[in-house]
Amino acid sequence: MSSNGPLLDLRGLRTHFRTDRGPVRSVDGVDLSVAPGESVGVVGESGSGKSVTMLSVMRLLPSPPAMHQGQALWKGEDVFGWGARRLRSFRGREVAMIFQDPMTSLNPYLKIGVQLTEAVQLHLGLDHAKARDRAAEMLRRVGIPVPESRLDDYPHQYSGGMRQRVMIAMALSCEPQLLIADEPTTALDVTIQAQILELIDAQRRASGTGLVLITHSLGVVAGMCDRVVVMYAGRVVEEGRTEDLFGDPRMPYTVGLLRSVPRLDVVTERLVPVPGTPPDPQRLPSGCPFRVRCPWAEARCAETRPELRDVAAPGAAPHRIACHVDITKAAPREPASGGAA
Amino acid sequence: MSADLDPPSDGPWAQAWKRLRRNAMAIAGLVVVSVMALAATFAGTVAPFDPRISESWETSLPPGARHLDLVNEFVVTAGQAPRERDVPPWLHDGLGDGHDHACELDVVAEEVKQLRVTMDGAKVTKIQGDGARTLAKVELGPEDHLRVKDAGTRIEAKALEPGMALPEGVPAKTGRWVLFAEWVRIAPDAKRTVRVAYGYGTVSAVTVAGAAHAGEMRIRAEHVRDLRVDGARKEHVHVLGTDLNGYDVLSRIIFGARISLLVGLVATLVSLSIGVLYGAVSGYAGGRTDVLMMRAVDVLYAMPYIFLVIVLLTVFDRNLIVLFVALGLVQWLTPARVVRGQILSIKRREFVDAAVTLGTTPWRILVRHLIPNTMGVVVVFTTLTIPAVILEESFLSFIGLTVKFGGEPIDSWGALVDSGRNALGVNGERWWMLVFPGAAMSLTLFSMNFLGDGLRDALDPRQKGRG
Amino acid sequence: MGRYVLRRLLWTPLVLLVLVTLTFALIKAAPGNPFAMDRVVSEEIRAQLEARYGLDKPAIVQFGQYLGRVVTDFDFGPSMKFKDRTVNDIIANGIGPTMLLGACAVILAVAIGLTAGTIGAVRQNSVFDHASMSAATFGMSVPNFVTGPVLVLVFALSWKALPVSGFDPSFSLLPALGIAALHVAWRVTERIRVGPAGFSWGREFACLWLGLLLAAVTSVVTLLARSPTLILPAVTLALPFASRIARLMRAGMLEVIGQDYVRTARAKGLSETTVVVRHALKGGILPVVSYLGPAITGVLTGSLVVEKIFAIPGIGREFVEAALSRDYMLVLGIVVLDGLLLVLFNLAVDVVYGFLDPRIRYE
Amino acid sequence: MSGGAAPAVVRRKAADTSRVVLSVKDLKKWFPIRKGLFSKVVAHVKAVDGVTFDIHAGETLGFVGESGCGKTTVGRAILRLLDPVTGGSASFQGQDLLAVGGDELRQLRRKMQIIFQDPYSSLNPRMTVESIVGEALTVHGIVRTTKERRERVQELLKKVGLDPVRHIARYPHEFSGGQRQRIGIARAIALEPDLIVCDEAVSALDVSIQAQIINLLQQLQEEMGMSYLFIAHGLNVVEHISHRVAVMYLGRIVEIAPSDRLYDHPSHPYTQALLSAIPETDPDAPMNPEQLQGEVPNPINPPAGCRFHPRCRFAEARCKAKDQPIPVWRIAPGHEMACILGEKIPGAERIGEQPGF
């Protein structure tokens, strides 16, 4: 595939989990692509399938119970067609991942140095001494003071923020082409969150690495990402350039999310919450999964599932939504007060 | 979430039961344990034979052996109602059922000679018959046999002569010793038919070979070759065989289950009461009390416990109470630790703070909030402690520390396994005396462990709520 | 780490003191007199006997004297049953067979249990997993006093492939030495290949563990191959522990394999073997290590049964006989000795645990 | 911001500042750290180390700060969940909160309630909704019969937006996170308290549910007129719901002000840093203007002088000096802050000091 094609291209990716009580459709047909060097934010509430999508791409979900359908193309090759050897050179070397909880993502029984050097030794073929030098260098780059001496410490001797820095160092140590950050700051304080986001952004820009940032916070992606993908009930419901999506949200769910977050710069008497609760992935409603909570829902929303369609002005960057209704023209129903489920 | 489901509403226990029901192995375990418990409870009705009655002429019968339905000695007198223990149950029952019955027995004659066998270790050195006459050799006919006189145990031998090794069935001793034995000689051709007519409360007539018999008629079961009651052969089956002393193995297992399960249950209750109370107090009190109480548990944890129990059982009278205390003492430490941990973690849960803020009294918090939330662990511990205690009791019986139960010779499973092991024989030909008690015990422990595992999964708080 | 071990060590005498006091008190609480039991003896002889065993003094003095002798001379006094033997003699004769059998059983159990448990966890829900776990649950439930006689019935009495009982050990050091030589050769070639830069004590230590484990297993296999009388007792004693260890290992590994940090390791592109060996094994083995303390208690208890079944002249059999014949001096001696063994072994287990889990080591 | 068309901009009705519900002075709560065989106290975690504030009737006072700053401890100490308190005083409606005990305390507790962060651990899994919500009514003898209790519980459920008929007999595990939080709120308002401590009450919820619960809390405050002590680390949420906000750092309040004032004119360097760290849902907003360096120091061994100085952009040599009192400044009416360099702020008036370290 040519070098200007997408790095990662998901086509109709589905991940279902087999359970005693029938399949759980966690990811239910996701189309998504990431260009080289691009940063994409994936936003959604818990259970929307954003993490499962990326874990599926990395093939990190044990199968069974996880069952995959559709394609996940890495530079045109389907990830699901690979053998163990190709997969190992993909993980860590081509794509690296940072996880949500830095407390549990590092092995408590191994020294930080060991955990940092093993991938470098494996993927870059460095010997022990050189790998240690590189590990210390990486720790310095992510802002850990006196890195040489800290290589022989265990994770429990690091604070939460420091551990997440170690995770970033580890992820970037083999110079991957794409970095997947799965809620990297959810477990951290606001102030540490800002530091970590800043660090990821700076490091990624310096090396030209692509980024997929998974988060439930719209605020985080607004400052960090070129493009935003909003997920709901295992599907992409809206996707577009960050300015377009925040400035002109077209999918009722995105509108609801934006309105339900209190803003510092706007004084509001009451928030406008999205009514109801996210659907149970085992019993998704027919048609559009959001229709039961949607103030714009029409009869046809119950019949067919809306496909992603482009609503951008001709010639502009694509802005796609999965919605039957054009909310710029239709009027919403009055939301039920209180909005209990 | 499932909040819109309409059929409400399962409490946590009902939910746990639902989860348990999905676990086939645990349910199978539950069924086995229930069957065992029922059998043990109604042992008197369920067991085919009274395990306290030895049928000494039916020693070492293999599983499934059919045998004439008799008692050791059959005593009847014409014109009298026999005592219950002198006649087989069918005769006794027939006396009262308002019909006439006839019972025919083919009996062989026997001659019993007293023998005095001098042994040197395991070797026969001298055989003396009546009046201290030394016999060169005792040769036994096809149905003749030898018996240890006071024990009633049969000696497996076809002949007896000085110089030969000790025959099987004789316990070995060191040094010179004397074995008093009986030589039962049976004349096969001297077969007579005894007829007993009975009904309406009495034995109406006893005839021997057609002639009426006056006075008491005594028939030893081992001489009876055939038995017909009202023309039909009267037999019974030892499904799992009999042991060296002629006790029915199945019945002994069922009665043994009674002892083992009883000990398991009571000792578990003892230990859990101590453990739960100790743990709850330690956890609820917290602070220095907690530290002190747990240090004590740490010290006791490091003890070689079973050795102390053995000392306890040899020092004191071996009765049930001592056994319960001894076994209870071994098992309380773990529940104490676990319950304490539970209480500590529940104490930290926010609903307890909420209850405090509502102005709830400490007592109510303990009863309504803390204790109900430890019940899951307690239930799991009960199901896992019972098999552990049964195992320990059987272990003690096996090494010889049997406990007498009300003075009756009913052995628990461990003692059954031990006697079965001793009875195996040189080629293991009497395997059933070991295998069946062992299997009963293993099956029960296996089932209880499975049930315990299943309950733990079903009650596991990790599976609750968040799924 | 040093302070941690020290604190544990300080704990030991306390535990032993409680144990001696408890046992002594129990024995003193016994109704009657040990000499009044068997036969009728004259007052004179009884007084003589009591003086010989120090029973004429108050209990507290007896206790003090006993404790003093044990602590200063490691002397457990004379046996009450065998007039011409001391408790020390009897223990000295019996400890060898018991320790040999116990060591065999523990090594067998650890080797079998760890292997089966690890394979079961890595190949979860495979045929091997189901088969080994069913076997393990069964092996855990069947008591060893059932297993032992049944094994005798099958292998010794019916099949006549192995001896019924007895104790006749025979051992050769050669295979273990061979393993040691191979280990040294392996480490030296690795040094030459990698060069001094790649040297790490941690790695050397890990390899040494592996070598020791392999040598221990080889030694046990050699011993059993050369002495058929030991096979059935060792297997009987090992079975429940192998089963328990297999289950614990599997559960521990499954727990660890489900952890985030194992996912991190996979996401790094490490091979499955590296993920299991380097990242999962250390955490997964911890439940097994903490079980080794109770396991050693179980081996000592089990030796009471196994020595009885197979007529092995160990301290387990001596203990049962002493208890049944009320030879209290011997009973006391063996309880104290077993207590000491337990405490020391628990200490060793704690140290290994601290070594494996850095969070404990640094408190 | 065309998509998020905001409703009419009206500040909700002001609190009744003439009536102080809760007055806390110099509150301290230290947790001992014990070590060794004899559990000797070797150090203290000074979770709350001299906190002073008032809450007025019908007012929402927000508490923000990083984790470990002591905001949760303040809430729990006031509710007497962390007895004994190390020092200071607190009065609730004129009654000495820290001195009462026994029945008096239980009567006082009718007026102060709490809503927790974790909707899972805050409800007893072995009780039905009816007994969870109704427990307080039974304990205080407010209802006499089961029927009466059921009716009261149904009213409460209706009030918090749950179905009074279908939900009343269920167990907590049958509800979603948002619904459980509603049950927790129903339990808290059952005694019609005058003060509710909301301890991270919305932090664990999804964004869309968070807004529902915030609206519910506001609505209940308007209906019932109680005060909230609203503890959260989400600054935008605190700003939205609170009349006044207190910013805490390592056991002390460093700045307290009416919420719009605080966000428009943050004066303490820590407040400024905290505000700058909030990600805004506006792609044009500048990212990371004045970042906060480093992490929260160890509260067992905090830095001497001003505790914030190692992370402070403006820190000078004198900020590190030991045992100096930290001056407290009034910048505007109701806007106070504690900083050694406070005199640099125009219009700052020194009104007192906090003891030094």
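The model shown is predicted, which means the values in this text are computed figures rather than measured ones. Proteins get letters first, then strands, A, B, ... in listed order; numbering begins at 1 in each. Both backbone and side-chain heavy atoms feed into the values below; hydrogens, waters and symmetry mates do not.
One finds the OG atom of D:Ser121 at 9.0 Å from the CG atom of B:Asp353 (value rounded to the nearest 0.5 Å). Taking CG of D:Asp118 as the start and CZ of B:Arg349 as the end, the distance is 8.5 Å to the nearest 0.5 Å. Taken from CZ in B:Arg368 to CD in D:Glu135, the straight-line distance is 6.0 Å, to the nearest 0.5 Å. In this structure, CE in D:Met127 is found 9.0 Å from CZ in B:Phe351, a value given to the nearest 0.5 Å.
A donor-acceptor contact shorter than 3.5 Å links the side chain of D:Gln113 to the backbone of B:Thr357.
Heavy-atom contacts from other residues, nucleotides or ligands closer than 6.0 Å to CZ of B:Arg364 number more than 12.
Contact annotation: the side chain of D:Pro119 never approaches that of B:Glu350 to less than 4.5 Å [non-hydrogen atoms, C-beta and beyond]. Annotation: side chain of B:Trp13 is in contact with side chain of D:Arg126 (closest heavy-atom distance under 4.5 Å).
Residues D:Arg106 and B:Gly359 come closest through the heavy atom pair NH1-O, 2.6 Å. Between B:Val356 and D:Arg109, the shortest heavy-atom contact is O-CD, 3.1 Å.
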| request: Apply side-chain contact (heavy atoms from CB on, under 4.5 Å) to the pair D:Arg187 and B:Leu358, showing each step before the final yes or no. | output: CA-CA 9 Å; D:Arg187 171 174 62 192; B:Leu358 292 176; 4.0 Å; yes

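Contact of D:Leu81 with chain B is made through the side chain alone, with heavy-atom distances under 4.5 Å.
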